[in-house]
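These notes are about the structure you will find just below.
Bear in mind the structure is a predicted one, so any value in this text is a computation, not a measurement.
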Amino acid sequence: TNVSDAAGRLEFKAFRELMRIAMPRIGKDLDLAKRVFAVADSDGDGFVDFKEFVGELSFMLAGTLEEKLEMMFRVFDTNG
């Protein structure tokens, strides 16, 4: 299955499939996956490129407590 466009960027569907593998709880929850995608898509172009994906994944896996809390706040802040 092709998971990215020609530039190597992930659209939401491909991002969610990767999250199902890397972080199953996020990948299984549609609303949560959408919020994580929106946070990872830091430039707001509707895609997550490699740099954005690795950046967010590194925060989730190896970030400091402060970085993880900041990311969680951005994910769950539905008021913008």
Side-chain angles (χ1 to χ4, degrees):
T1 305
N2 189 6
V3 296
S4 64
D5 69 4
R9 303 173 310 164
L10 301 171
E11 60 183 19
F12 174 71
K13 183 178 178 182
F15 176 84
R16 187 172 180 210
E17 288 300 317
L18 284 177
M19 285 289 96
R20 283 185 177 158
I21 296 166
M23 305 209 127
R25 287 187 178 177
I26 294 172
K28 290 179 183 177
D29 184 324
L30 179 61
D31 291 330
L32 181 56
K34 285 180 180 179
R35 291 192 302 263
V36 171
F37 181 83
V39 169
D41 180 19
S42 60
D43 61 8
D45 67 355
F47 294 92
V48 172
D49 63 30
F50 182 75
K51 184 178 178 181
E52 291 170 326
F53 181 76
V54 170
E56 290 303 318
L57 192 59
S58 70
F59 278 137
M60 288 187 263
L61 298 176
T64 66
L65 178 59
E66 185 175 325
E67 290 170 331
K68 289 177 183 179
L69 290 172
E70 181 181 330
M71 187 201 158
M72 287 176 62
F73 179 79
R74 289 186 291 144
V75 167
F76 290 102
D77 179 23
T78 58
N79 296 329

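- Nearest approach of Lys28 to Arg20, heavy atoms of both residues: N-CG, 4.3 Å.
- In this structure, Leu61 is not a member of the same hydrophobic cluster as Leu69, with clusters built from ILVMFWY side-chain heavy atoms closer than 4.5 Å.
- At least one side-chain heavy atom of Asp45 sits less than 4.5 Å from a side-chain heavy atom of Arg9.
- Atom CE of residue Met72 and atom NZ of residue Lys68 lie 10.0 Å apart, to the nearest 0.5 angstrom.
- Annotation: side chain of Phe12 is in contact with side chain of Leu30 (closest heavy-atom distance under 4.5 Å).
- Criterion: ILVMFWY side-chain heavy atoms under 4.5 Å apart, direct or through other members. Under it, Ile21 and Leu32 are not part of a common hydrophobic cluster.
- Proximity of a side-chain donor or acceptor of Asp41 to a complementary backbone N or O of Gly46 within less than 3.5 Å is detected.
- The shortest non-hydrogen separation linking Val48 to Phe53 is CG1-N, 3.5 Å.
- Between the CD atom of Glu11 and the CZ atom of Arg16 there is a distance of 13.0 Å, given to the nearest 0.5 Å.
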Start with the C-alpha gap between Leu10 and Phe47, add the side-chain angles, then the distance that decides, and say whether side-chain contact (heavy atoms from CB on, under 4.5 Å) holds. CA-CA 5 Å; Leu10 301 171; Phe47 294 92; over 6 Å; no
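- Here the OG atom belonging to Ser42 is positioned 8.5 Å from the CZ atom belonging to Arg74, to the nearest 0.5 angstrom.
- Salt bridge Arg35/Asp77: absent, no basic N to carboxylate O contact under 4.0 Å.
- No chain of hydrophobic side-chain contacts below 4.5 Å, direct or via other Ile, Leu, Val, Met, Phe, Trp or Tyr residues, connects Leu65 to Val75.
- Between the Glu52 side chain and the Asp43 main chain, a donor and an acceptor come within less than 3.5 Å of each other.
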